[in-house]
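Note that ligands are numbered from 1 as they come in the structure, with each ligand's atoms numbered from 1 the same way. Atom set for the values below is all heavy atoms of this structure, side chains included, hydrogens, waters and symmetry mates excluded.
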Amino acid sequence: MTVRKILFYPNERLRKKAEPVEKIDDKEIQQLIDDMFETMYEFQGGGLAATQIDVHKQIIVMDPDKSQKLVLINPEIVEKSGSSKYEEGCLSLPGVSAVVQRFEHVKVKALDRNGKPFEIESTGDYLAACLQHEIDHLHGTLYIDHVSPLKRTLLIKKMKKIMKMM
Ligand code: GNR
Ligand code: NI
């Protein structure tokens with residue numbers, strides 16, 4: 001297993017749309033999933049999208065409450081309703097966070113790491129925010145796209161200052 005390099009904003013590759021995975025029963029894909037967990041734990045994220053390590057395939061790993069490893073391949077939101085706010089951070093924008101408006105409830109359909117379909121649903125909590133945040137990454141969207149232009153400018157300025165000190 002290898003810790004992979006994370007892409008940081010404003011890298012344009014974070015804006016690429018991920019392609020669906022066709023063959024899950026593949027050594028390369030299984031290796032990639034292991035590396036994604038390794039990378040996510042190394043940088044203490046609650047989730048990680050393949051896009052963030054410059055692999056443009058529809059794969060997400062998550063461990064939102066540090067209790068169960070979740071893998072979502074080719075995820076798709078099949079139900080969404082309501083609205084709620086959650087404070088989000090992102091490994092691709094180190095050192096900053098902001099309150100983001102999301103759907104309160106989502107139901108997501110995906111394949112697990114064995115290619116078996118499953119559904120996961122969540123309402124108004126970290127998992128619900130995380131699912132939407134990670135699926136956004138696969139579409140080239142970042143949480144700062146969901147805040148006001150003024151707030152976004154301030155966040156980017158602060159992030160660049162923090163990154164210079166790292
Ligand atoms: O570590 C992370 N925390 C987080 C907090 C609220 C909502 C979403 C997240 S995901 C983020 C890790 C990350 O950048 N995933 O793409
Ligand atoms: Ni993120």
Quiz: residues 40-47 side-chain donor-acceptor pairs under 3.5 angstrom, not counting sequence neighbours:
| from | atom 1 | to | atom 2 | distance (Å) |
| --- | --- | --- | --- | --- |
| Y41 | OH | D63 | OD2 | 2.5 |

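Although no hydrogens or angles enter the test, the distance criterion places a donor-acceptor pair under 3.5 Å between the side chain of R152 and the main chain of V147. At least one donor-acceptor pair closer than 3.5 Å links the side chain of S92 to the backbone N or O of L7. The backbone N or O of F8 lies less than 3.5 Å from no partner atom in the side chain of N11, so there is not a single donor-acceptor pair. Looking at E76, its side chain never comes within 3.5 Å of a backbone N or O of A110 through a donor-acceptor pair.
The shortest side-chain heavy-atom distance between E79 and H105 falls under the 4.5 Å cut-off.
For the residues G47, G45, G89, A129, the heavy atom positioned nearest atom 9 (C) of ligand 1 is part of G89.
In terms of polar-atom proximity, C90 is not counted as a contact of ligand 1, lacking any N or O under 3.5 Å from an N or O of the ligand. Distances between N or O atoms of E134 and those of ligand 1 include at least one value under 3.5 Å. The shortest N or O to N or O distance between Q44 and ligand 1 is not under 3.5 Å.
Residue-ligand proximity: Y143 is placed with every non-hydrogen atom at 4.0 Å or more from ligand 1. Within the structure, the closest approach of E87 to ligand 1 falls below 4.0 Å when heavy atoms are considered.
When non-hydrogen atoms are compared, ligand 1 lies under 4.0 Å from the backbone of E88 as well as from its side chain.
For ligand 1 and H137, the ligand atoms under 4.0 Å from any heavy atom of the residue are 16 (O). Close approach of ligand 1 to H133 (heavy-atom distance below 4.0 Å) involves ligand atoms 8 (C), 10 (S), 13 (C), 14 (O), 15 (N), 16 (O).
Using a 3.5 Å distance cut-off with no hydrogens or angles, the side chains of S83 and E104 do not pair a donor with an acceptor.
Take a cut-off of 2.8 Å around the Ni ion (ligand 2): the protein N, O or S atoms inside it are C90 SG, H133 NE2, H137 NE2.
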